[in-house]
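The structure appears right after this line, and notes come after that.
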Amino acid sequence: MLSLLSIFCLLPAALALPMPIFGLGDSTGDDTATGKPTPFSLDAVNSTLLRPAQFARVAYCSSQSIAQWSCGAPCDALKNITFLQSGGDQGLVPLYFIAHDPDDQSLVVAHEGTDAKNILSILNDAQFGLVALNATRFPETAGKNITVHDGFQKTFERTADSLLAGVMSGLKSTGVKKVVVTGHSLGAALATMTGAMIKDAVDPSVDVSVTGFGLPRGGNQAWADFLDSQVGVTFVSNQNDPVPTVPPKFLGFQHTSGEIHIVDDSQTNLIACPGQDNENCATGNNVLDVSVQNHLGPYFDNLSFGGSQCSS
Ligand SMILES: *[C@@H]1O[C@H](CO)[C@@H](O)[C@H](O)[C@H]1NC(C)=O
Ligand SMILES: *[C@@H]1O[C@H](CO)[C@@H](O)[C@H](O)[C@H]1NC(C)=O
Ligand SMILES: *[C@@H]1O[C@H](CO)[C@@H](O)[C@H](O)[C@H]1NC(C)=O
Ligand SMILES: *[C@@H]1O[C@H](CO)[C@@H](O)[C@H](O)[C@H]1NC(C)=O
Ligand SMILES: *[C@@H]1O[C@H](CO)[C@@H](O)[C@H](O)[C@H]1NC(C)=O
């Protein structure tokens, strides 16, 4: 586990800021929800979170092993899957894959993430501020003042066209009416943009959902509102993971609603947090009590993210 000090050492840009980077002072204000969270049952974990988490975990394995659906335990946990397409290079351009899940009658799009050190340095890199959302790709957002994280959008754009083409052809060839988009860490941030893009492109009868784990803030309030109204994001924040608390709200970033917060190490105590940036969940975390291990897991059902569980 990295100490808070070593995290700050990774973030020279952060030190130039007048306030600590991990959202100190973020837990008050008009755009911070205060509603009381409600318990989130283990049945709900299994029916809504477990499968997206398992697919997001597969995205850390090599593209060759995913193509054959033989990546060790992460692939073995998901039966009957047909791989359709992958892209990215597991380097500068993170991997994504598209698969058909007949048991859920869905198409799955999963984005690979990155390790905690890397995501924190991307998030706090001063060159990646908020920039306008690409209004060519999202024409209906013109004039809505939507801004997103520059680095996330640049990364998203590198594979967006081929990914969308793969989803459209996969919907046609399989006949399913449901698209599940998922990812962990950077992969969760990419999943929100991918979900919005797919929702824009498909017939309204196709159900598109986005589930993220260890999701950082990806854009301004207008982006969060757009995702809330057009897509619907569910994201899981694990205890004192610093990633969901950055980039900070005082720089203009805002989470969507749909947060599920893991309260302790038991892997069984989860709460659903009403509104955006609920102060009773990750947004209200003590900035002096940060756990990078919480970013990786375990989240529930002994499930952690990263390539260590892949067979190759
Ligand atoms: C959730 O699913 C896991 C793995 O399939 C299983 O071990 C566990 O018992 C399930 N929990 C509930 C509450 O159904
Ligand atoms: C997998 O497919 C087979 C045959 O198509 C089916 O019988 C089975 O229920 C499916 N699901 C699992 C989890 O094996
Ligand atoms: C914006 O989206 C279009 C596709 O709609 C794409 O061709 C273009 O490269 C994107 N612009 C940037 C700057 O990424
Ligand atoms: C656009 O959004 C920013 C916050 O992201 C806000 O400060 C600004 O006032 C907004 N402009 C308009 C025209 O709504
Ligand atoms: C939990 O997963 C880890 C590897 O991620 C494994 O070493 C451990 O045995 C697992 N524990 C249980 C109870 O399954």
Side-chain angles (χ1 to χ4, degrees), residues 14 17-37 119-120 122-126 128-135 138 140-156 181 183 185-197 199 209-238 241-261 271-287 295:
L17 290 165
M19 297 170 77
I21 200 73
F22 291 114
L24 186 62
D26 275 359
S27 60
T28 55
D30 291 346
D31 48 7
T32 298
T34 57
K36 191 171 155 36
I119 185 73
L120 287 169
I122 293 170
L123 287 164
N124 290 294
D125 188 330
F128 292 139
L130 286 165
V131 295
L133 181 67
N134 182 351
F138 298 98
E140 79 282 25
T141 65
K144 285 195 170 148
N145 195 25
I146 295 181
T147 56
V148 293
H149 186 270
D150 192 12
F152 295 160
Q153 175 157 259
K154 284 198 170 101
T155 305
F156 161 77
V181 188
S185 188
L186 171 62
L190 297 174
T192 62
M193 303 202 75
T194 294
M197 171 177 71
K199 182 77 187 181
S209 64
V210 174
T211 308
F213 303 86
L215 172 73
R217 296 193 185 97
N220 68 355
Q221 168 112 46
W223 172 239
D225 293 346
F226 176 73
L227 287 172
D228 278 352
S229 65
Q230 298 301 307
V231 186
V233 174
T234 301
F235 69 99
V236 183
S237 60
N238 186 16
D241 176 1
V243 174
T245 70
V246 291
K249 285 161 65 65
F250 71 80
L251 290 180
F253 287 84
Q254 178 84 1
H255 262 307
T256 66
S257 54
E259 180 179 3
I260 310 292
H261 187 63
I271 53 178
C273 315
Q276 296 174 345
D277 272 300
N278 192 303
E279 67 174 15
N280 301 302
C281 297
T283 297
N285 277 357
N286 179 348
V287 297
H295 186 56

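Keep in mind that the numbers below use all heavy atoms, side chains included, and drop hydrogens, waters and symmetry copies. For clarity, every value in this text was computed on a predicted model and none was experimentally measured.
- For the residue pair Thr245 and Ala282, the shortest heavy atom distance occurs at CG2-O, 3.4 Å.
- The CG atom of Asn220 sits 13.0 Å away from the NE2 atom of His149 when rounded to the nearest 0.5 Å.
- For the pair Lys144 and Trp223, the minimum side-chain heavy-atom distance is 4.5 Å or more.
- A 4.5 Å side-chain heavy-atom check between Ser209 and Thr234 finds every atom pair outside the cut-off.
- Between Thr32 and Asp277, the side chains place no donor N or O within less than 3.5 Å of an acceptor N or O (distance only, hydrogens not considered).
- The closest side-chain heavy-atom distance from Cys273 to Ile260 is not below 4.5 Å.
- Side-chain N or O atoms of Ser229 include one that pairs as donor or acceptor with a backbone N or O of Asp225 at under 3.5 Å.
- Take Phe235 and apply the ring-ring contact (aromatic ring centres under 6.0 Å, His included) test, not counting sequence neighbours, and it matches His255.
- Side-chain contact between Phe213 and Ser237 is absent, with no heavy atoms from C-beta onward closer than 4.5 Å.
- Interatomic distance, Arg217 CZ to Gln254 CD, rounded to the nearest 0.5 Å: 7.5 Å.
- With sequence neighbours left out, Asp228 forms a salt bridge (charged side-chain N to carboxylate O under 4.0 Å, His left out) with no residue at all.
- Nearest approach of Phe156 to Thr194, heavy atoms of both residues: CE1-N, 3.6 Å.
- Under the rule for a side-chain contact (heavy atoms from CB on, under 4.5 Å), the partners of Asn280 that lie at least two apart in sequence or sit in another chain are Pro37, Asn278.
- Nearest heavy-atom pair, Pro216 versus Ile119, reported as atom, atom and distance to 0.1 Å: CG-CD1, 4.4 Å.
- Under the salt bridge (charged side-chain N to carboxylate O under 4.0 Å, His left out) criterion, Lys154 pairs with Asp150, sequence neighbours left out.
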Please test Gln276 against Gln221 for side chain to side chain donor-acceptor pair (under 3.5 Å), starting from the C-alpha separation and ending with a verdict. CA-CA 9 Å; Gln276 296 174 345; Gln221 168 112 46; 2.9 Å; yes
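- For Asp241, the side-chain contact (heavy atoms from CB on, under 4.5 Å) criterion is met by Val243, Pro244, Asn294, His295, Tyr299, not counting sequence neighbours.
- Here the OG1 atom belonging to Thr147 is positioned 4.0 Å from the CG atom belonging to Leu130, to the nearest 0.5 angstrom.
- For Gln153, there are no side chain to side chain donor-acceptor pair (under 3.5 Å) partners at least two apart in sequence or on another chain.
- Residues forming a ring-ring contact (aromatic ring centres under 6.0 Å, His included) with His261 (at least two apart in sequence, or on another chain): none.
- Taking the side chain as every heavy atom from C-beta outward, Val148 and Met193 approach each other to under 4.5 Å.
- Checked against side-chain contact (heavy atoms from CB on, under 4.5 Å), Ala191 has the following partners two or more places apart in sequence or in another chain: His111, Val181, Val210.
- With sequence neighbours left out, Phe138 forms a ring-ring contact (aromatic ring centres under 6.0 Å, His included) with no residue at all.
- Using a 4.5 Å heavy-atom cutoff, the side chains of Leu215 and Thr192 are in contact.
- Rounding to the nearest 0.5 Å places OG1 of Thr155 at 6.5 Å from CD1 of Ile122.
- Within the 4.5 Å cutoff, the side chain of Phe226 has no heavy atoms near those of the Thr256 side chain.
- Closest approach of Leu120 to Pro242, counting heavy atoms only: CD1-CG, 4.2 Å.
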